[in-house]
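Note: hydrogens, waters and symmetry copies are ignored here, and every other heavy atom, side chains too, is used. Quick caveat, the model's predicted, so the values are computed rather than measured. Numbering of ligands and ligand atoms starts at 1, following listing order.
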Amino acid sequence: MSVDQVKRLYESMPGKLDQARRRFDRPLTLAEKILVAHADDFARQEWSRGKAQLRLRVDRVALQDATGQMALLQFMQAGKKEVAVPSTVHCDHLIRAESGAAEDMQRAINENREVYDFLHSTSKKYGIGFWKPGAGIIHQVVLENYAFPGGLMIGADSHTPNAGGLGMAAIGVGGADCGEAMAGLAWEVLDPKLIGVHLTGKLSGWSSPKDVITYLCGLLTVKGGTNKIIEYFGQGAQSISATGKGTICNMGAELGATTSLFHFDDRMAAYLRATDRADIARLAEQHRQHLVADPEVIRDRRKYYDEVVEINLSELEPHIVGPHSPDRARPISKLAAEVKKEGWPAGIRQALIGSCTNSSYEDMKRAAHIAMQALKAGVKAKTPFLVTPGSERIYQTIKRDGMVDTFQKIGGTVLANACGPCIGQWKRSDVGKEETNTIVSSFNRNFPGRNDGSASTLSFLTSPEIVTALAFGGTLEFDPVHGTIPGPDGKPFRFTAPEGEELPAQGFAGGDAGFEAPAADGDRVQVAIAPNSERLQLLQPFPRWDGRDFGELPILVKTKGKTTTDHISPAGAWLRFRGHLDRISDNMFLGAVNAFTGEAGKGANPITGEVKTFTANARDLKAKGIAWIVIGDENYGEGSSREHAAMSPRYLGCKVVIVKSFARIHETNLKKQGILPLTFAKTSDYDLFEQGDRVSVRGLAALAPGKPVEVVIHKPGGRTVTVQCLQTMTDEQIGWFKAGSALNALT
Ligand code: MIC
Ligand code: SF4
């Protein structure tokens with residue numbers, strides 16, 4: 001996005017915002033200002049929080065190498081010459097952590113050559129900026145280069161909201177949404193409700209931005225933010241650096257929020273200047289009043305936000321969340337007692353810092369400050385320590401400023417600037433596959449199997465400085481804030497609170513950032529996909545709806561409890577096949593817990609009764625020409641934006657998914673791929689579905705926005721039970737369903 005584009009946007013804001021104030025007859029929040037300024041057609045747009053479907057024009061699109069493959073394959077089907085909005089591709093998810101940055105990078109380049117070549121050539125051809133493997137994690141690179149106050153972007157990754165740290169509305173979506181926006185279509189989203197978070201007091205000592213969000217995760221839970229934007233403001237916000245704000249917004253994904261953002265302030269301007277964007281900082285300062293909420297909104301916040309949360313930062317204790325869910329939160333001072341009560345292994349086997357959530361200069365500096373204290377006192381780390389810097393810029397800077405050296409002196413390993421262990425790209429050899437063990441990290445997700453593929457690993461999330469201190473304590477029973485550990489002389493050693501500047505005094509280090517601009521003439525660039533490739537497969541359109549109701553579909557799987565996209569379409573080793581729909585579908589529902597048996601990943605074939613993986617059963621049904629249905633629990637599809645969790649079921653014959661409630665991105669992904677997403681009108685109807693039942697869905701020809709759908713359960717003895725289900729489809733989305741997918745409806 002050029003400075004001129006930012007200028008044009010800012011200059012267009014006063015007029016548009018005045019129009020909106022008149023029409024809504026009230027002052028505006030920041031989220032509303034951004035949405036209004038990006039409306040495709042403000043005058044014809046209906047505005048109603050939680051109800052209207054907004055059509056917006058985004059400023060930018062970001063893709064990463066795992067979800068981006070499908071996004072690009074779908075974009076290519078639209079037949080455009082080049083992308084309609086500035087877009088970038090970031091190679092970060094496919095690098096496996098094993099032996100340290102240099103070797104891991106080389107291995108990744110060899111193993112993923114075909115995929116990198118595909119991403120590189122499509123980027124070159126279609127006018128997309130390409131960030132090479134090793135350049136950094138998508139959200140950190142976007143924050144450093146592209147995010148700007150008041151902008152609107154979408155990204156094929158659920159942690160895209162990281163850019164809210166610079167006051168941008170950045171929203172995680174499926175690849176199909178990105179492909180369409182890149183093809184020049186308006187982007188649609190449900191007009192979000194708004195949560196205002198009013199921050200007072202001041203962060204200090206051990207308390208850090210991570211604690212704001214882990215505390216909120218505990219308060220609001222993993223579905224508390226669904227279809228809502230979380231807007232942070234208040235005096236307290238000024239005690240948080242721009243990158244710290246990014247941490248908070250990033251992890252708003254764990255609340256299921258549409259996005260999170262902060263009002264523009266001087267800390268953002270300082271970060272823009274430090275990252276070579278003084279011109280944008282100046283423009284934002286000139287247009288400051290449009291990049292924060294109207295003053296009346298702040299004064300009378302309960303009137304203008306749907307919910308308000310008050311947090312006094314001066315009283316906020318460091319928090320730690322886990323295991324298995326990011327909303328299992330408590331202050332660190334309460335952890336030891338809970339560990340004892342639950343019988344979790346207290347010994348920490350690995351400590352990891354970094355990831356897109358927490359790898360700023362400030363994070364590294366504060367972690368290194370803790371490590372230095374131990375080094376000086378001669379205290380040894382008890383736990384292996386892994387560091388993933390967020391970008392090459394961060395890596396070069398922390399190397400220059402001595403932090404890499406400090407981490408190495410405590411026995412730490414610096415990994416590539418990539419996702420690595422955060423997404424299961426971690427070859428770990430220190431524990432057995434089924435061994436229950438504890439790890440701590442500064443990442444943002446901790447679903448079972450997430451980091452090392454083992455559901456027996458208990459993963460806890462906290463700030464990088466607490467993780468570092470815990471590496472010296474070696475146990476969850478150590479509270480670094482109040483407790484001590486034995487020093488080398490046997491005397492108790494106590495850490496003092498971490499310190500660290502938010503921005504490097506000497507500026508960020510320069511060097512090759514790893515960016516490649518697109519070709520001047522994209523027509524000449526060839527995109528090749530080998531026909532026998534096991535990594536990439538061109539997409540075939542899904543069949544259109546045949547106009548008939550669904551009759552007596554078997555239930556392939558009824559899931560119980562948490563069913564995240566990591567349960568539906570696991571990552572880790574499977575990331576290899578993200579560009580190959582048939583191959584990746586072998587992972588479908590591997591982590592999902594079968595409500596009929598309590599077992600994960602498998603169940604009885606509804607026709608033969610044979611117990612096999614859900615994939616094997618689905619492939620068998622598909623071969624027999626039998627379509628099937630999924631029944632799911634609360635917040636179904638929570639977590640990642642990966643549309644494979646919708647595409648694999650669609651590909652293997654799923655017609656309908658009925659659940660207690662959906663996570664936002666996944667519900668849209670299902671609609672995009674032509675699957676009917678329904679929710680029970682009465683949540684307890686979930687209990688009526690039993691093994692061996694068949695399910696009919698009636699009245700599909702009359703499908704209309706807001707109209708409930710009748711679902712009939714056929715019991716094995718012939719008895720039937722009818723239940724009401726709800727759906728949230730607009731006319732256009734019903735069109736996608738009928739066409740077989742959103743893409744079919746386009747072409
Ligand atoms: C994640 O953190 O779960 C991921 C891996 O970044 C995903 C994207 C993916 O599955 O590729 C996300 O958050 O959307
Ligand atoms: Fe990568 Fe983890 Fe961030 Fe997802 S959450 S983008 S896997 S570092």
Side-chain angles (χ1 to χ4, degrees), residues 62-71 89-97 115 119 131 136-143 154-163 170-175 177-178 213 246-247 249-254 256-257 259 326 352-360 363 386-391 394 415-426 441-447 449-451 459 461 464 564-579 584 587 591 637-648 663-666 668-669:
L63 304 178
Q64 39 92 333
D65 52 357
T67 50
Q69 300 172 51
M70 272 306 168
V89 163
H90 303 260
C91 297
D92 52 0
H93 281 64
L94 298 179
I95 303 167
R96 192 170 61 248
V115 172
L119 295 170
W131 289 84
I137 308 175
I138 175 168
H139 311 303
Q140 179 65 29
V141 175
V142 166
L143 195 74
I154 56 174
D157 193 283
S158 65
H159 293 104
T160 304
N162 193 62
I171 303 179
V173 297
D177 289 55
C178 290
I213 189 62
T247 297
C249 294
N250 174 305
M251 216 179 151
E254 274 48 74
T259 193
L352 307 95
I353 65 166
S355 91
C356 65
T357 337
N358 272 106
S359 57
S360 64
D363 288 330
L386 301 178
V387 183
T388 41
S391 68
I394 293 284
L415 301 170
N417 313 317
C419 301
C422 179
I423 188 55
Q425 290 279 42
W426 185 18
S441 79
S442 69
F443 304 167
N444 47 24
R445 288 209 167 123
N446 55 357
F447 306 139
R450 166 99 184 167
N451 303 108
S459 160
L461 312 173
T564 70
T565 44
D566 277 288
H567 293 83
I568 305 170
S569 177
W574 292 98
L575 285 171
R576 244 181 108 59
F577 302 121
R578 282 288 185 85
I584 193 141
N587 76 353
E638 162 187 353
S640 157
S641 63
R642 63 192 75 145
E643 63 202 321
H644 306 76
M647 290 181 98
S648 290
R664 172 187 61 91
I665 306 178
H666 187 61
T668 307
N669 285 346

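Put simply, the side chain of Asp92 does not reach to within 4.5 Å of the side chain of Ile95, judged on heavy atoms. Taking the side chain as every heavy atom from C-beta outward, Phe443 and Asn358 never approach each other to under 4.5 Å. No side-chain heavy atom of Cys356 sits under 4.5 Å from any side-chain heavy atom of Asp157. Between Gln425 and His93, the closest side-chain pair of non-hydrogen atoms is not below 4.5 Å. The closest side-chain heavy-atom distance from Ser640 to Arg445 is below 4.5 Å. Looking only at side-chain heavy atoms (C-beta outward), Val89 and Trp131 stay at 4.5 Å or farther from each other.
The shortest non-hydrogen separation linking Cys178 to Val173 is SG-CG2, 3.6 Å.
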Let me see the working for Asn444 and His159 under side chain to side chain donor-acceptor pair (under 3.5 Å), right down to the final yes or no.
-> CA-CA 9 Å; Asn444 47 24; His159 293 104; 3.0 Å; yes
Could you give me the CA-CA distance, side-chain angles and deciding distance for Val142 and His90, then say whether side chain to side chain contact (heavy atoms under 4.5 Å, CB included) is met?
-> CA-CA 9 Å; Val142 166; His90 303 260; 4.0 Å; yes
Evaluation steps, side chain to side chain donor-acceptor pair (under 3.5 Å), between Asn250 and Thr247 = CA-CA 5 Å; Asn250 174 305; Thr247 297; over 6 Å; no
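Using 4.0 Å as the threshold, Arg450 has a heavy atom nearer than that to some atom of ligand 2. Within the 4.0 Å heavy-atom cutoff, Gln64 does not count among the residues contacting ligand 2.
Within ligand 2, counting atoms from 1 as listed, the ones closer than 4.0 Å to a heavy atom of His139 are 6 (S). For ligand 2 and Asp157, the ligand atoms under 4.0 Å from any heavy atom of the residue are 6 (S).
Looking at Glu638 and His567, their side chains never bring a donor and an acceptor atom within 3.5 Å of each other.
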Protein N/O near ligand 1 N/O, under 3.5 Å, which pairs?
{"unit_1": "ligand 1", "atom_1": "2 (O)", "unit_2": "Arg445", "atom_2": "NH1", "d": "3.3"}
{"unit_1": "ligand 1", "atom_1": "2 (O)", "unit_2": "Arg450", "atom_2": "NH2", "d": "2.7"}
{"unit_1": "ligand 1", "atom_1": "3 (O)", "unit_2": "Arg445", "atom_2": "NH1", "d": "2.8"}
{"unit_1": "ligand 1", "atom_1": "3 (O)", "unit_2": "Arg450", "atom_2": "NH1", "d": "2.8"}
{"unit_1": "ligand 1", "atom_1": "3 (O)", "unit_2": "Arg450", "atom_2": "NH2", "d": "3.3"}
{"unit_1": "ligand 1", "atom_1": "3 (O)", "unit_2": "Arg642", "atom_2": "NH2", "d": "3.3"}
{"unit_1": "ligand 1", "atom_1": "6 (O)", "unit_2": "His93", "atom_2": "NE2", "d": "2.8"}
{"unit_1": "ligand 1", "atom_1": "6 (O)", "unit_2": "Asp157", "atom_2": "OD2", "d": "2.7"}
{"unit_1": "ligand 1", "atom_1": "10 (O)", "unit_2": "Arg578", "atom_2": "NH1", "d": "3.4"}
{"unit_1": "ligand 1", "atom_1": "10 (O)", "unit_2": "Arg578", "atom_2": "NH2", "d": "2.9"}
{"unit_1": "ligand 1", "atom_1": "10 (O)", "unit_2": "Ser640", "atom_2": "OG", "d": "2.8"}
{"unit_1": "ligand 1", "atom_1": "10 (O)", "unit_2": "Arg642", "atom_2": "NE", "d": "2.6"}
{"unit_1": "ligand 1", "atom_1": "10 (O)", "unit_2": "Arg642", "atom_2": "NH2", "d": "3.2"}
{"unit_1": "ligand 1", "atom_1": "11 (O)", "unit_2": "Gln64", "atom_2": "NE2", "d": "3.0"}
{"unit_1": "ligand 1", "atom_1": "11 (O)", "unit_2": "Arg578", "atom_2": "NH1", "d": "2.8"}
{"unit_1": "ligand 1", "atom_1": "13 (O)", "unit_2": "Asp157", "atom_2": "OD1", "d": "3.4"}
{"unit_1": "ligand 1", "atom_1": "13 (O)", "unit_2": "Ser158", "atom_2": "N", "d": "3.3"}
{"unit_1": "ligand 1", "atom_1": "13 (O)", "unit_2": "Ser158", "atom_2": "OG", "d": "2.5"}
{"unit_1": "ligand 1", "atom_1": "13 (O)", "unit_2": "Arg445", "atom_2": "NH1", "d": "3.1"}
{"unit_1": "ligand 1", "atom_1": "14 (O)", "unit_2": "Ser158", "atom_2": "N", "d": "2.7"}
{"unit_1": "ligand 1", "atom_1": "14 (O)", "unit_2": "Ser158", "atom_2": "OG", "d": "3.4"}
{"unit_1": "ligand 1", "atom_1": "14 (O)", "unit_2": "Ser640", "atom_2": "OG", "d": "3.3"}
{"unit_1": "ligand 1", "atom_1": "14 (O)", "unit_2": "Ser641", "atom_2": "N", "d": "2.7"}
{"unit_1": "ligand 1", "atom_1": "14 (O)", "unit_2": "Ser641", "atom_2": "OG", "d": "2.9"}

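Heavy atoms of His90 found under 4.0 angstrom from ligand 2: none, in either backbone or side chain.
The side-chain hydrogen bond (donor to acceptor under 3.5 Å, both in side chains) test with Arg642 is passed by exactly one of Thr67, Asn669, Asp566: Asp566.
Under 2.8 Å from atom 2 (Fe) of ligand 2, one finds the following protein N/O/S atoms: Cys422 SG.
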